[in-house]
S.K.: 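To start, I am sharing the structure in question, which I have written as C-alpha cells.
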2 protein chains.
Amino acid sequence: MTKLQSQGREPFEAVDRAPEAQAEGFATVRQAHESEMAEDYVELIAELIELRGEARPVEIAERLGVKSPTVTKNISRLKAAGLVRREPYRAIFLTDAGRELAEACRRRHRIVVAFLLSLGIDEETAERDAEGIEHHVSTTTLEAFKHALQKFQSGK
Amino acid sequence: MTKLQSQGREPFEAVDRAPEAQAEGFATVRQAHESEMAEDYVELIAELIELRGEARPVEIAERLGVKSPTVTKNISRLKAAGLVRREPYRAIFLTDAGRELAEACRRRHRIVVAFLLSLGIDEETAERDAEGIEHHVSTTTLEAFKHALQKFQSGK
DNA sequence: TAGATAAGTTAGCCATGGCTAACTTTTAAA
DNA sequence: TTTAAAAGTTAGCCATGGCTAACTTATCTA
C-alpha cells in the first residue's frame with residue numbers, strides 16, 4: 001500500500017501512529033500557538049509601517065478585531081521580547097529582530113496565500129484560511145508549497 | 001496582474017486588505033482555537049475506541065503529551081458540551097454528537113495528510129503539520145484539497 | 001490657547017489549558 | 001484477601017489573551 005492510498009481508508013479504520021510521535025505533534029501545535037500572537041502583531045506592524053510610516057495601536061486593534069487594552073498589553077509583551085520599540089502614547093516600531101521575524105512571516109504568508117489561490121480557492125477564503133494555516137506550516141511544507149506553485153505557474 | 005503573481009511581490013510592498021475583512025479573518029482563527037481542544041480529544045478518543053474498545057485517560061494523556069489532571073479537566077468540559085459519556089474512574093465513550101464530530105475531524109485529517117503527502121512531504125512532517133493545519137481548513141479549502149488530490153492520483 | 005475629542009493606559013475581571021501535590025479509587029499480585 | 005501499584009480526581013497554581021470601566025495623555029479645532 002502506498003502512502004497516497006491512506007486517504008482511501010475506511011471511515012472506521014484507526015491509524016495507529018507511535019504515541020510519542022503523536023504527542024510530539026501536539027506539542028508542536030501548542031508551541032506554534034505561543035508564537036502566533038507575536039507573529040501576527042509584527043506582521044501587521046510591518047504592513048502598517050509601510051502603508052503609513054508608523055503603526056498606531058488604534059489601527060492594530062481595528063485590523064486584529066480586538067480592543068485597545070488588549071493591544072497595549074500585547075505590545076508590552078512584544079517589547080519585553082525585544083521585537084518592538086516604543087514609548088508610551090507613541091507609535092510602534094520594529095527592532096531588527098522584529099523586522100526579521102515580520103519579513104519571514106510575510107514571505108510565508110504570501111506563499112501560503114498564493115498556493116491556496118493556485119488550487120482555485122477564492123481570494124477571501126485563501127486569505128482567511130492562510131491566516132490560520134501559516135502558523136503551522138513547517139519549512140519542509142513551505143518548500144513543498146513553493147515547489148508546487150512553481151510547477152503550477154510554469155505549467156499554466 | 002493576476003492573483004497568482006501576488007507571491008512575486010517585492011518583500012517590502014504592503015498588501016492593503018480591507019481592515020474589516022482582516023479582522024474577520026483573525027476572529028475566525030480565534031474561534032478555531034476554541035474548538036481545537038474538543039476536536040483533538042474526540043478524534044483521539046474515536047481512534048482509541050477502535051483500537052482498544054475503550055478510551056482511557058492514561059492513553060489520552062500519553063498521546064496528547066499532557067498530564068492526567070489536564071485530561072480529567074478537559075474530559076469534564078467535553079462531557080458538559082455533550083460530546084462524551086462517562087462515569088468517574090471509568091473509560092470514556094463518545095455520544096452521538098461526539099462520534100459525528102470525530103468522524104468529520106478524521107475525514108478532514110486524512111484528506112489533509114494525504115494532500116501533503118501528494119506534494120512529496122515525508123510522513124512524519126505531513127502528520128505533524130496536518131495536526132495544526134486541519135483546524136484552520138475551511139470546507140472550501142478542504143474541497144480544493146480533495147480535488148487536487150484526485151487530479152494527482154489520476155495523473156500519476 | 002482652551003476645551004472637546006480621540007487615543008492610549010491601567011486595573012481588574014474572565015475562560016482556557018497547561019502544571020504539581022495530595023488524595024481516592026481501581027486493579028493486580030503476593 | 002490483603003496490600004502495593006497504577007489510574008484517576010481534586011485543589012490550587014500559572015500564563016495567555018480576551019474584555020470593560022475608569023483614568024491619563026495627545027491632538028485638533030473653535
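Numbered from 1 within each chain, the chains take letters A, B, ... in sequence-line order.
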S.K.: Looking at residues at least two apart in the chain, or sitting in another chain, which of them share a side-chain hydrogen bond (donor to acceptor under 3.5 Å, both in side chains) with A:T125?
M.R.: A:D122
S.K.: Which side-chain N or O atoms in residues 26-34 of chain B pair as donor and acceptor under 3.5 Å with protein atoms at least two apart or in another chain?
M.R.:
residue	atom	partner	partner atom	Å
B:T28	OG1	B:E24	O	2.9
B:R30	NH1	A:L64	O	3.1
B:R30	NH2	A:L64	O	3.3
B:R30	NH2	A:G65	O	3.1
B:H33	NE2	A:H33	NE2	3.3
B:H33	NE2	A:E36	OE2	3.1

S.K.: Given atom CZ of A:R52 and atom P of C:dA7, what is their separation to the nearest angstrom?
M.R.: 13 Å
S.K.: Listed by chain and number, what are the side-chain contact (heavy atoms from CB on, under 4.5 Å) partners of A:A61, not counting sequence neighbours?
M.R.: A:V71
S.K.: Write down the atom of B:I75, the atom of B:I45, and the distance for their closest heavy-atom approach.
M.R.: CD1-CD1, 4.0 Å
S.K.: Taking side-chain hydrogen bond (donor to acceptor under 3.5 Å, both in side chains) as the definition, give me every residue that meets it alongside A:R90, ordered by chain and number, with sequence neighbours left out.
M.R.: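 Result, side-chain hydrogen bond (donor to acceptor under 3.5 Å, both in side chains) vs A:R90: none returned.
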S.K.: Going by heavy atoms closer than 4.0 Å, what residues in residues 74-84 of chain B are next to DNA chain D?
M.R.: none
S.K.: Considering only residues two or more places apart or on different chains, which pairs with a residue in residues 76-87 of chain A satisfy side-chain hydrogen bond (donor to acceptor under 3.5 Å, both in side chains)?
M.R.: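 Non-adjacent pairs meeting side-chain hydrogen bond (donor to acceptor under 3.5 Å, both in side chains): A:N74-A:R77.
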S.K.: Report, as a single string ordered 5' to 3', how protein heavy atoms within less than 4.0 Å touch nucleotides 6-12 of chain D: B base, S sugar-phosphate only, - not at all.
M.R.: -SBBB-B
S.K.: Would you mind reading off the distance between B:L64 atom CG and C:dC19 atom P, rounded to a whole angstrom?
M.R.: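 Value for this atom pair: 10 Å.
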S.K.: What pairs of residues pass the ring pair (Phe, Tyr, Trp, His ring centres under 6.0 Å) test when at least one of them lies in residues 40-96 of chain A, not counting sequence neighbours?
M.R.: none
S.K.: Strictly below 4.0 Å, N to O, side chains only: are B:K146 and B:E143 in salt-bridge contact?
M.R.: yes
S.K.: Give every pair of a protein N or O atom and an N or O atom of nucleotides 2-6 of chain C that lie under 3.5 Å apart, one pair per line with the distance.
M.R.:
none

S.K.: Between A:T95 and A:G82 (side chain of the first, backbone of the second, donor and acceptor by atom type, cut-off under 3.5 Å), is there such a pair?
M.R.: yes
S.K.: Between A:E59 and A:R63, does at least one N-O distance fall below 4.0 Å, as a salt bridge requires?
M.R.: yes
S.K.: Using a 4.0 Å cut-off on heavy atoms, which residues in residues 31-40 of chain B reach DNA chain C? List them by number, or say none.
M.R.: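 Result for residues 31-40 of chain B: B:M37, sorted by number.
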S.K.: When you look at CD of B:E54, are more than 12 heavy atoms from neighbouring residues, nucleotides or ligands closer to it than 6.0 Å?
M.R.: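 Buried by this count: over 12 neighbours within 6.0 Å.
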S.K.: Please name all residues satisfying side-chain contact (heavy atoms from CB on, under 4.5 Å) with B:A80, sequence neighbours left out, ordered by chain then number.
M.R.: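 Partners of B:A80 by the side-chain contact (heavy atoms from CB on, under 4.5 Å) criterion come out as none, since no residue qualifies.
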S.K.: Under the side-chain contact (heavy atoms from CB on, under 4.5 Å) test, which residues partner A:A130, sequence neighbours left out?
M.R.: A:H109, A:V112, A:V113, A:L116
